[in-house]
Peer 1: 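To start, I am sharing the structure in question, which I have written as structure tokens.
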Amino acid sequence: MTTDDRTSKSGVARRAAGSFRPYTFQVIGIILLILVTAGLGVVNPYLTRNVFDDALFPQGIDGQPDIQLLWVLAGIMAAVTVVSGALGILQTWATNIVGQRVMRDLRDRLYTHLQGLSLGFFTGARTGEIQSRIANDVGGIQNVVTNTMSSVLSNIVIFVSTLIAMTLISWQLTVVCVATIPFFFLLSLIVGKKRRKVTSEAQESAAEVTAITHETLSISGIMLAKLFGRQNQEIERFHNENERMATLAIRRQMTGQSFFTLMQIFFSLAPVVIYVLAGYMLTGSFSVGITAGTIVAFTTLQFRLFWPISTLIETSVELQSSLALFERIFGYLDITPDIEDRPNARRVSPGDVRGHVEFDSVRLSYNPDHGDQTAENGARRWALNDINFDIAPGQLAAFVGPSGAGKSTISYLIPRLYDPTSGAIRIDGTDVRDIRQESLAGIVGYVTQESYLFHDTLKNNLLYAMPDATMEEIEIAAKAAFIHDRIMELPDGYDTVVGERGYRLSGGERQRLSIARVILHDPRILILDEATSALDTTSERHVQAALEPLMRDRTTIAIAHRLSTIMSADVIYVVDEGRIVEYGTHAQLLETCGLYASLYQEQFDGGRVESRCEDGIVMVDGNILTHDDILTAPAAD
Ligand code: ATP
């Protein structure tokens, strides 16, 4: 299928139908059931004629009824009713089974596919939209996959079988009846259109109420409203939308009711027309075959002719809107994962990794469509430009620089949260794209400023890093991260459940927990992205103490704003506007008198040390500073 085919209406319909392919046998079974039940449905009205003409009044209105035939016919009619009822239950069961399986498969496919997409996709998606596609869009097609498909088929079969039965009873009356179909069709179409409009407005309004609730009653939303004193406005906004929802719900109910009333009027009038017409036919010259039984049977069948038409009109709308849902679901499934294992990517065991990290002419653009120039919104084309460095196994390398310089972006490339636009990142000489992603995750550990915890027990949060860890290993890790004692103070110890996003723990505690998680993960390469910036000085000292043994026998990449935390790094890279502008040790960089020296000066300014670079020499209070002076200088926080 080409892209155009896939996105055209018929393409989407074909793909939607394709979701039923694994259940072909069941679908065939359902179709057979529909054919049989719909066919059986005309038997009783058809037999009504025989009941009247042959059993009740075989010799005219004053004659004796044929009781024996009456019993036979009544028996057949009862049997048909019971059998079609039983088949109906079977059909509902089968359609639900198939429908629910189709939905389950779609949800599974969507979730699996989304898990494979890169971070870039998630940063670009609207909050809640992804969850909504899995929950609402797949939920939205439930009716179509469980009811509508079978409803369309059975209504068509009912319509055709009824038409045949009516023609067999009296083709003359059938012609008259068919002539009224366009009028009925038009009526259903007009009222149906109005109903749909109100329904979709009501749904929009309901969605808006949900969105407002979701947005404003989340932890962040309620905090924002409280802090900015916007609660009254929020209440007002909710009230207005709530009011609109209620009004629309009433309108929806009323249009629904008028639709049914119109249908009822039509259904009541249709037999009346037939009675009058039959009366004329009986008195006129073309009373061909018109009997009391014909009229009763015919008018009973009439219902079965009109009802499917109005249901089909309704269903066609539902099908169209569900096609739109299918289209959105397929839209997600069609996004090609931009970060995939190369065909020959191999598994690497963490034990075999030394931890040599190399960036070779790396460039990265988050906005690849913006040409070589700065994008219209001011975003730089290159978030990283010509990045080269080489970190030896076991080294501590620090990345510093102004906000937005590209430090985090550099760190994202090592575990392949993003791939570079050009250039290569190598671990022990192997391009990271040639390492299977799951083994790369075992090699690289990441501690960020915002540590995410699942709504689960502390123990399970820690086990996420190493599912088969023993309680003893967990405790060793927690002790090393200086969080064990705090955990033991909690009511349920390691079984304490942390709230949504870990809200019941302080920032520093969350941070230490995530460090314990990385200790358990035991990666060869450790990335610390502002890992201690959320902590106070005491906690920071604790965490630094926890990090030191952790860093000792592995390659560590530390991103830090507070220079005091990385002054002892083996090498410091200074990043500015996506480029590495300087590198060296703390002392060497101070001596260079470049960006690092001025960042250092800014952080230690106004305090006990004032350093100035003049002609490449670091000056403090007019005196030239030696390296030892710089390293031993007291730092202001
Ligand atoms: P900070 O110290 O403030 O955390 P940083 O040096 O780590 O900053 P990055 O987060 O790497 O900077 O961002 C580098 C640039 O890339 C910034 O201009 C940022 O706006 C941009 N950027 C980061 N992530 C994305 C993204 N997902 N899509 C588009 N642009 C992005």
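Along the sequence shown, the residues carry numbers beginning at 1. Side-chain atoms are counted along with the backbone in the values below, which use heavy atoms only and exclude waters and symmetry mates. In each ligand, atom 1 is the first atom listed, and ligand 1 is the first ligand listed.
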Peer 1: First locate atom CD1 of Ile580, then atom CZ of Phe389, and finally report the distance between them rounded to the nearest 0.5 Å.
Peer 2: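 Reported value, rounded in 0.5 Å steps: 5.5 Å.
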Peer 1: What part of Tyr418, side chain from CB on, backbone N/CA/C/O, both or neither, has a heavy atom under 4.0 Å from ligand 1?
Peer 2: side chain
Peer 1: Using side-chain contact (heavy atoms from CB on, under 4.5 Å) as the criterion, list what pairs up with Asp529, not counting sequence neighbours.
Peer 2: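 Asp529 satisfies side-chain contact (heavy atoms from CB on, under 4.5 Å) with Ser408, Ser411, Tyr446, Ile559 once adjacent residues are dropped.
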Peer 1: What do you reckon, does Gly404 put a non-hydrogen atom under 4.0 Å from ligand 1?
Peer 2: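 Judged by the 4.0 Å heavy-atom criterion, Gly404 does count as contacting ligand 1.
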Peer 1: Who's closest to atom 24 (N) of ligand 1 heavy-atom-wise, of Tyr412, Trp382, Tyr366?
Peer 2: Tyr366
Peer 1: Go through ligand 1 atom by atom and flag the ones less than 4.0 Å from a non-hydrogen atom of Thr409.
Peer 2: 9 (P), 11 (O), 13 (O), 14 (C)
Peer 1: If you measure every N or O of Glu530 against every N or O of ligand 1, does any of those distances drop under 3.5 Å?
Peer 2: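 No, Glu530 has no N/O under 3.5 Å of an N/O on ligand 1.
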Peer 1: Below 3.5 angstrom, do we get any N/O pair linking Ala405 and ligand 1?
Peer 2: yes
Peer 1: Within a strict 4.5 Å, meaning less than it, do heavy atoms of the Pro415 and Ile527 side chains meet?
Peer 2: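 Pro415 vs Ile527: side chains touch.
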Peer 1: Could I get the full list of side-chain contact (heavy atoms from CB on, under 4.5 Å) partners for Arg554, not counting sequence neighbours?
Peer 2: Asp522, Pro523, Arg524, Leu526, Leu550, Thr556
Peer 1: Once rounded to the nearest 0.5 Å, what's the spacing between atom OH of Tyr600 and atom CG of Leu595?
Peer 2: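 Here the rounded value is 15.0 Å.
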